[in-house]
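Below is one structure; the comments refer to it alone.
Proteins get letters first, then strands, A, B, ... in listed order; numbering begins at 1 in each.
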Amino acid sequence: MLKKRITANLVVKNGIVVQSIGFRKYLPVGKPAIAIEYLNQWGIDEIILTDISASARGNGPDFDMIKKATQKCFVPLTIGGGITHVNHIKELMHCGADKIALNQAALYKTELVTEAANIFGNQCVVVSIDGIKTPDGYRVYDYLQKKITTHEPGSFARLTEEAGSGEILINSVDRDGSYLGYDLDLVNQVCAHVRIPVIACGGAKNATHMIDVLKHTNASAASAGNFFHFTEHSVNITKAQIQKELDVRLETHANYAENSWDNHMRLVKKGDEVLEHMLYVHIEKELI
Amino acid sequence: MSQSPTIVIIDYGVGNTYSVINAILRLGYTKVKVSDKEADIKSADALILPGVGAFDEAVRNLKSHHLPEVLNETVLIQKKPILGICVGMQLLAEGSEENGWHEGLNWIPGKVKKLELPPSYAVPQVGWNNISFNNRDPLFSRTAESPNFYFDHSYHFETKPEHRLAWCDYGIEVTAAVQKDNIFGVQFHPEKSQTNGLKLFRGFFNSI
């Protein structure tokens, strides 16, 4: 059976991966190439890199940054930000992208979604939607102009599906960087409107939140940015925890089966005797 | 075969060629080229036909690069091993119904059809799925039983059982790999399937 995906969102601003909080505040994390290399080693299922400064610059994606960042990426990589023309997509495919994400184009230039799907197939086209809660229900948020549009996320997702999108990335402006968990109602609204896979994003603090969104919505993937950056082996550990309840892929041999966690799902240190014994356990490096 | 075969990744405009070459270089092969030139293709020991794209666009691009004639000769007459990936695998078929009927290279009998799935299954199929294979050699010679690979597709290759090398369960049995003689194809993306993908490439290159 197809597994649920655990994906990482890398938000890039002016060439640097940042921690994004509420679409307003950005704290530097580091170089995209290093973030990608580590996420790979830790067995992430997919990476979505969004360059939030590209559209504002207005001269297309930052191909140099992307080419450098993708060399050690052996998992699927979606690139978003600044794409206004199919030639940008062609170039991105030569820079290591496997899929592309459209956000501004989905709002204001739907024909690019269709054109991209006709050339690259709909499986290559991800539409990324930022949803925000308003007194009248959820609306699509335009991060560039910093304004709330009249679109409802669910019906808007449906429109982009009809235009040729093959996947929806739904992000919650309210939950972004909050560590409060996913906005399940928002994700459910989008899932109810489309047949294509939905990636949920915004608000994840740990494996518990990911299990929540994957169990209580039809999302195919749970994505996180911030919390993966700050703990060693964050991806392996999170997936090992999720695997107890859901079918996810473990890339490494480390399944943390004998570990225990605290209330925040952080690893608890093993006993001294166990650690001493582990010193003498020999693990063969796997030959490919 | 020599220690380091000459590998040519066929460049016809719509493939994720950079991802494929990165994966192959990672395995330590040194004579790897991305090219659409007849001379390169004819002197290769193994060919990769990558693909991210719609079928009709892929066929149009193959033709505009004058590749079908060159490939027919190298693959059908010279019998060079070739591995098609994703839409590159679908191109091996008689044709596809994506965006209307379009003819493929017609090397392996069968047609590429839209995934017709029970309603609860999302289309495209995106993500990691385990496969079952009928024959281990050579592609799966180094992977475990039932390895997982990354899939991303809305259409799949309906072929005869004797050419279907592997399948995955996604509401129906979806063709995951095909083979006929020296011609191989995989629906999933080995270049994006971490260790299992690298093992598949190793199995393929070791067989030549």
Side-chain angles (χ1 to χ4, degrees), chain A residues 1-7 40-41 43-47 66-67 70-77 89-90 92-100 116-126 164 166-168 191 194-199 218-221 247-252 286-288, chain B residues 11 13-19 21-23 25-28 34 50-58 60-61 86-87 98-99 117 119-130 142 148 150-155 168-171 174 189-199 201-202:
Chain A
M1 271 307 296
L2 192 68
K3 295 166 198 315
K4 295 285 186 180
R5 281 173 286 156
I6 304 304
T7 72
N40 252 268
Q41 285 174 3
I44 196 77
D45 289 333
E46 201 165 325
I47 297 173
I66 292 159
K67 204 160 187 174
T70 56
Q71 261 173 4
K72 290 183 178 165
C73 188
F74 303 106
V75 294
L77 180 67
I89 305 175
K90 280 192 183 146
L92 284 173
M93 291 291 155
H94 290 291
C95 292
D98 303 288
K99 298 192 262 189
I100 52 100
N118 283 340
I119 297 174
F120 301 94
N122 71 338
Q123 86 294 327
C124 179
V125 183
V126 180
E167 227 174 332
I168 301 288
C191 289
V194 295
R195 174 93 195 261
I196 54 181
V198 173
I199 306 164
N218 275 329
S220 320
D247 187 15
V248 291
R249 179 188 74 103
L250 283 188
E251 167 72 9
T252 64
E286 196 183 10
L287 205 66
I288 294 173
Chain B
D11 179 17
V14 291
N16 55 346
T17 47
Y18 190 68
S19 294
I21 197 166
N22 269 340
L25 290 175
R26 164 85 165 209
L27 288 170
V34 177
V52 169
F55 190 93
D56 53 328
E57 184 70 18
R60 228 186 341 268
N61 275 277
C86 197
V87 85
E98 186 173 2
N99 300 337
L117 307 173
S120 61
Y121 288 82
V123 181
Q125 169 174 226
V126 185
W128 300 77
N129 205 336
N130 295 91
R142 302 178 87 84
N148 53 49
Y150 181 81
F151 288 80
D152 189 9
H153 64 121
S154 305
Y155 292 80
C168 68
D169 174 9
Y170 192 54
V174 174
H189 287 274
E191 76 281 13
K192 289 288 162 174
S193 297
Q194 292 209 308
T195 309
N196 283 338
L198 295 178
K199 285 178 176 171
F201 279 126
R202 183 71 86 196

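Summarising the geometry of A:Pro76 relative to B:Trp128, their closest heavy-atom pair is CD-CZ2, 4.2 Å, with the distance given to 0.1 Å. Counting all heavy atoms, side chain and backbone alike, A:Gly96 lies closest to B:Ser19 at O-OG, 3.4 Å. Of all non-hydrogen atoms in B:Ala122 and A:Pro197, the two that sit nearest each other are CB-N, 3.9 Å. Summarising the geometry of B:Lys192 relative to A:Asp98, their closest heavy-atom pair is CE-OD2, 2.9 Å, with the distance given to 0.1 Å. In this structure, B:Ala54 and A:Asn118 approach most closely via the heavy-atom pair CB-O, 3.1 Å.
Using a 4.5 Å cut-off between heavy atoms, A:Asn218 does not touch chain B at all. The contact between B:Thr17 and chain A is made by backbone and side chain atoms together, counting heavy-atom distances below 4.5 Å. For B:Asn99, the part sitting under 4.5 Å from any heavy atom of chain A is the side chain, from C-beta outward, and nothing else. In this structure, chain A has a heavy atom under 4.5 Å from the side chain of B:Leu27, while its backbone stays farther away. For a residue to count as touching a neighbouring chain, one of its non-hydrogen atoms must lie under 4.5 Å from one of that chain's; by this rule A:Lys99 touches chain B with the side chain only. For a residue to count as touching a neighbouring chain, one of its non-hydrogen atoms must lie under 4.5 Å from one of that chain's; by this rule B:Pro119 touches chain A with the backbone only. With a 4.5 Å cut-off on non-hydrogen atoms, B:Asp11 touches chain A through its side chain but not through its backbone. In this structure, no portion of B:Arg60 lies under 4.5 Å from any heavy atom of chain A. If you measure heavy-atom distances from A:Cys95 to chain B, the contacts under 4.5 Å come from the backbone alone. With a 4.5 angstrom heavy-atom cutoff, A:Ala221 does not touch chain B via any of its atoms. Residue A:Ile44 touches chain B through its backbone alone, counting heavy-atom pairs closer than 4.5 Å. In this structure, chain A has a heavy atom under 4.5 Å from the side chain of B:Asn148, while its backbone stays farther away. Only the backbone of A:Ala117 comes within contact range of chain B, with heavy atoms under 4.5 Å apart.
Chain A forms more heavy-atom pairs under 4.5 Å with one residue of B:Phe201, B:Phe55, B:Tyr121 than with any other, namely B:Tyr121. Chosen from A:Lys3, A:Arg249, A:Met93, A:Arg5, the residue pairing most often with chain B at heavy-atom distances under 4.5 Å is A:Arg249. Of all the listed residues (A:Lys4, A:His94, A:Lys72), the one sharing the greatest number of non-hydrogen pairs under 4.5 Å with chain B is A:His94. Chosen from B:Asn196, B:Asn61, B:Asn130, the residue pairing most often with chain A at heavy-atom distances under 4.5 Å is B:Asn130. Contacts with chain B were tallied for A:Thr7, A:Ile196, A:Asp45; A:Asp45 has the most, counting heavy-atom pairs under 4.5 Å. Your options are B:Val34, B:Leu25, B:Asn22, B:Asp169, and the one with the most heavy-atom pairs under 4.5 Å with chain A is B:Asn22.
Applying the ring-ring contact (aromatic ring centres under 6.0 Å, His included) criterion to B:His153, with sequence neighbours excluded, gives B:Phe151. Taking B:Tyr18 as the reference, nothing meets the ring-ring contact (aromatic ring centres under 6.0 Å, His included) condition, with sequence neighbours excluded.
The shortest distance between side-chain heavy atoms of B:Leu117 and A:Arg195 falls below 4.5 Å. Between B:Val126 and A:Gln123 there is no side-chain heavy-atom pair separated by less than 4.5 Å.
The CG atom of A:Asn122 sits 8.5 Å away from atom CG of B:Asp152, with the distance rounded to the nearest 0.5 Å. The distance from the CZ atom of A:Phe74 to the OG1 atom of B:Thr195 is 10.0 Å, given to the nearest 0.5 Å.
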